[in-house]
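Source: prediction; values computed, not measured.
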Amino acid sequence: MRRLTSLVATALTSLALCAGGLVTATAAQADTVSAGNAPPLRIVSYNLCGNMCGDAKGYDNQRRIDTVADQAATGTWGADQIFLQEVCRPQYDAIEKRLAPLGFHGLYATTLPGRSASDGKGAVCGGADYGMAVLAKGPVVDTKVLDLTVGGEDEPIKSPCVKSYVQNRVNWACSVHLYWAADSTLRTAEAHRLADRAAQWQAEGIPVVLGGDFNGHARSAALSAFYDKGIEDGGEGSFLEADETDKDHFGDVCPPSRSRCRSGDATFGREKIDYLFLSAGHFKDVKADVLPLDTRVSDHRLLRGAAYWSDCGPAGPGAGGILRRDAAGGLFRYTGRPDGTVAGACKAGTGWSMMRLAARDGNAVLAADKAGTLWRYPAAPGRAPIRATPGCGSPPVGRPWTPSSPPATSPETAAPTSSAGTRPATCGCTRARRAAVTPRP
């Protein structure tokens, strides 16, 4: 069940600090990553403490469900993948039901079958199953539940994994909860089992994301199995960790001249034991932030991270390509290659469902809304994806534009573009003059 030995002291320290519903981390938060400045691929890991943190101890189960569901909302974080540990089956079912309309699909893995107090072994989840889960936004094409148990653990160590198309790219995503005993021998063996399986997927050219409670500090032998060798910090694996660039937490471990370090913000008490690992060959520019402890939800802090796909990022004004809008209003850029093909999808914006079409205009995006008004969204290098928000720009400088006939391309297919992918310096849109653009086929 839950780790009740090596981490009890830090748990008590954390609880002792609670004066109300929320307790903030003691470390500096200068590097706060928000939905407005983070790279477009968004992920979340949260140990929900769903069994041990019950209503009788002052926890709020509905608040727990709402907290996870809110992370999928575009205005909050817009998560693409969510990793959950220590979650009771009814909690997972409620979360999955909330996220299904947003296009999420999930997989639950039972580690302990539900039992009541009358069974004589202590109640688990009020008689319901207890385990962990992963949810991904996009079609799921394969699932696996990895058995990481090496022998000697108090309960099976499993890892539910989904192979899905997230942001129109296939990848494997696994929720992780390694063994919690003070002796790290079993945990280290489990870590190597997981790392070996992930290496097989990466050898097939498939990106991998691992999120969860690894129950070890960043510089432990178990975690060495994941940090890639390029970190020059004893890493033996092939992953970037989302919070490894946070210099606020380098401390005495890494000099400030380093760009990466096996460190990060605390997620449980004063320790970092929760991680988001992304395969180094497929992702770049990772960032992460740990939210304040919500003592009505869990004894862990929620960890959320973001990254670019390795071949994505702001495109220059001269780069050709196409734009595509999906049914959820996401805007994707497919950059052209010299050989005439296009690169993989790069998410360039959100909230475009109200637009009829989008097209390029130098280093900006032009879009016509359903009322026929034309809006121009200038790109600002190094900023977050563009969000379509009609009415937020300068006073109108032109009149609504309504083409005499529909353009040859629809928003659901493609229109030419060159540089979508960044948020403008202000709110990002102005009405464009009618003469500013000619619809392109």
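- Geometrically, R325 does not engage W352 in a cation-pi contact defined by less than 6.0 Å to the ring centre and at most 45° from the axis.
- Using a 4.5 Å heavy-atom threshold, the side chains of K163 and V170 count as touching.
- Among I95, L48, D70, the one residue that satisfies the side chain to side chain contact (heavy atoms under 4.5 Å, CB included) test with I65 is I95.
- Not one N or O on the side chain of S279 forms a donor-acceptor pair closer than 3.5 Å with the backbone of Q202.
- For the pair Q71/L99, no side-chain contact is recorded, criterion being any heavy-atom separation below 4.5 Å from C-beta on.
- Two residues are said to be in side-chain contact when any heavy atoms from C-beta on lie closer than 4.5 Å; L276 and L303 meet this criterion.
- When side chains are defined from C-beta on, L331 does not count as touching K347, because their heavy atoms never get closer than 4.5 Å.
- At distances below 3.5 Å, at least one donor-acceptor pair connects side-chain atoms of S298 with backbone N or O atoms of N47.
- Relative orientation of the Y227 and F277 rings is perpendicular, given thresholds of 30° and 60° on the angle between their planes.
- Other residues, nucleotides and ligands contribute more than 12 heavy atoms inside 6.0 Å of the NZ atom of K158.
- Side chains of L135 and Y92 form a contact here, defined as non-hydrogen atoms less than 4.5 Å apart.
- Side-chain atoms of S175 come within 3.5 Å of backbone atoms of A133 as a donor-acceptor pair (strictly under, hydrogens ignored).
- No donor-acceptor pair closer than 3.5 Å links the side chain of E271 to the backbone N or O of I273.
- Cation-pi geometry between K272 and F268 is not met at under 6.0 angstrom from the ring centre and within 45 degrees of the axis.
- Applying side chain to side chain donor-acceptor pair (under 3.5 Å) to D80 and the options K137, Q167, R42 leaves one that passes, Q167.
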